[in-house]
Visitor: 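One structure follows; several queries about it will come next.
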Amino acid sequence: MYEHYRKTELEQFVEHLYNTNGITEPQQITITELSNRLNVWVHYAEARSRAVESRTGMRSMFIDERLTPEDQRMDFLHELCHLLRHVGNQMILPDLFTQAQEYEAFNFVFYAAIPFFMVSRMPIPDNRQKAIEYIAYNFNVTLQFAEKRLAQIERRILQGQFDAVASQCCTTIETKDQEPAVGTTVYAFYDSSADVSGPSQLVIEADEKAVDSAADYLFSVDGPFDRLELEDLPYYNRCTRLFAQDLIYKDGMIGVNFAVLNLKYGRKQQYVLHMKDIERVVYLGKYF
């Protein structure tokens with residue numbers, strides 16, 4: 001049943017987090033157990049749930065005491081994602097990053113409340129309704145939540161089956177040569193299997209003149225960007241990966257200096273940037 005299931009990077013993160021900290025059974029997925037094992041200080045108050053991380057690295061969280069125990073646990077998992085995965089005050093981050101963080105936290109709750117690595121070793125009933133009830137009972141979630149997670153698992157299996165067939169077909173397709181780049185263009189790639197609402201990577205493609213320039217190349221993190229499709233990827237499969245320390249933040253813009261990159265990586269015309277690296281640079285540029 002699970003042969004074609006493909007875990008996202010976020011799911012793999014949750015699985016590694018749980019296994020590393022000895023969280024291997026559904027009954028351990030409680031606020032008390034998780035906060036103790038992950039060293040998170042939890043305080044209940046009549047206020048909206050939110051995560052707080054001090055500059056010393058201390059993890060703490062306020063949970064709304066007015067909520068039901070089940071909603072409190074869901075809030076805890078949501079805020080836990082922000083503590084473990086995200087950097088920066090959302091009040092000063094661009095909307096693109098704030099929305100992406102919230103979307104990732106939304107998915108994190110499903111992965112953390114009903115981890116696939118636990119589900120995959122359980123005797124899930126073949127009957128769908130009974131499967132929903134079984135998952136809801138064992139993971140202590142509502143029937144609606146269990147149904148959504150099961151539907152998510154089913155979609156991933158179906159997508160895995162589709163990808164397996166598609167990859168066999170793609171081996172017979174020849175890649176077409178593209179025209180040389182003119183000017184500098186930033187492209188956005190939206191990974192359908194990722195847990196983000198916006199682009200997962202940006203690709204910078206520069207022409208010969210731009211690569212030889214000593215001036216900074218800056219662009220808005222909010223775009224707009226030309227979109228890369230799956231069929232375009234073979235042309236960009238040799239992009240050089242850039243990291244946060246390679247990027248520039250200036251006047252609300254993100255960018256690179258090709259002269260500096262030439263010294264570090266050699267003379268390249270294509271670079272790929274991961275959104276989490278951009279997010280970190282924007283936050284540090286605004287907050288410090």
Visitor: Could you tell me whether Phe110 and Phe145 have their ring centroids closer than 6.0 angstrom?
Guide: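 Ring centroids of Phe110 and Phe145 are less than 6.0 Å from each other.
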Visitor: Are any of the side-chain nitrogens in Arg48 or Glu79 under 4.0 Å away from the carboxylate oxygens of its partner?
Guide: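 No, no charged N to carboxylate O under 4.0 Å.
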Visitor: Does a sphere of radius 6.0 Å around CG in Asn127 hold more than 12 heavy atoms from other residues, nucleotides or ligands, not counting ones at 6.0 Å or beyond?
Guide: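 Buried by this count: over 12 neighbours within 6.0 Å.
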Visitor: Where does the angle between the aromatic ring planes of Phe108 and Phe13 fall among parallel (under 30°), tilted (30 to 60°) and perpendicular (over 60°)?
Guide: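 Phe108 and Phe13: tilted rings.
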Visitor: Strictly below 4.0 Å, N to O, side chains only: are Lys268 and Glu208 in salt-bridge contact?
Guide: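 Not counted as a salt bridge, because no side-chain N and carboxylate O are separated by less than 4.0 Å.
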Visitor: I'd like to know if Asp277 pairs up with Arg241 as an ion pair, taking the criterion as any Lys NZ or Arg NE/NH1/NH2 lying under 4.0 Å from an Asp or Glu carboxylate oxygen.
Guide: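 Salt bridge: yes.
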Visitor: Would you find more than 12 non-hydrogen atoms of other residues, nucleotides or ligands less than 6.0 Å from Lys264 atom NZ?
Guide: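 Enclosed: over 12 neighbouring heavy atoms sit under 6.0 Å from NZ of Lys264.
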Visitor: Would a hydrophobic clustering, with Ile, Leu, Val, Met, Phe, Trp and Tyr connected at side-chain separations under 4.5 Å, put Phe243 with Leu247?
Guide: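 Yes; Leu247 is reachable from Phe243 via cluster members.
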Visitor: Hey, are Asp212 and Arg267 close enough for a salt bridge, meaning a charged N less than 4.0 Å from a carboxylate O?
Guide: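 Yes, this pair counts.
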Visitor: Looking just at side-chain N and O atoms, do Asp64 and Tyr44 make a donor-acceptor pair shorter than 3.5 Å?
Guide: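 The criterion, which ignores hydrogens and geometry beyond distance, is not satisfied for Tyr44 and Asp64.
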Visitor: Angle between ring planes, Tyr5 versus Phe116, binned at 30° and 60°: parallel, tilted or perpendicular?
Guide: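 Parallel: the ring planes of Tyr5 and Phe116 meet at under 30°.
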Visitor: Determine, for Lys148 against Glu154, whether the closest basic-nitrogen to carboxylate-oxygen distance falls under 4.0 angstrom.
Guide: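 Salt bridge between Lys148 and Glu154, a charged N being under 4.0 Å from a carboxylate O: no.
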Visitor: Under the side chain to side chain donor-acceptor pair (under 3.5 Å) criterion, do Asp246 and Tyr265 qualify, and how do the steps go?
Guide: CA-CA 11 Å; Asp246 297 316; Tyr265 297 108; 2.6 Å; yes
Visitor: Indicate yes or no: does Arg73 engage Glu70 in a salt bridge with an N to O separation below 4.0 Å.
Guide: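 Glu70 and Arg73: salt-bridged.
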Visitor: Donor-acceptor check, side chain of Asn257 to backbone of Ala259, threshold 3.5 angstrom: yes or no?
Guide: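 Yes: the side chain of Asn257 pairs with the backbone of Ala259.
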Visitor: Any chance you could lay out the side-chain contact (heavy atoms from CB on, under 4.5 Å) test for Asp75 and Leu67, step after step, and finish with the verdict?
Guide: CA-CA 9 Å; Asp75 269 17; Leu67 300 176; 3.1 Å; yes
Visitor: Got a second to check how far Leu150's CG is from Arg128's CZ, nearest 0.5 Å?
Guide: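 Answer for the CG-CZ pair, Leu150 versus Arg128, is 5.0 Å.
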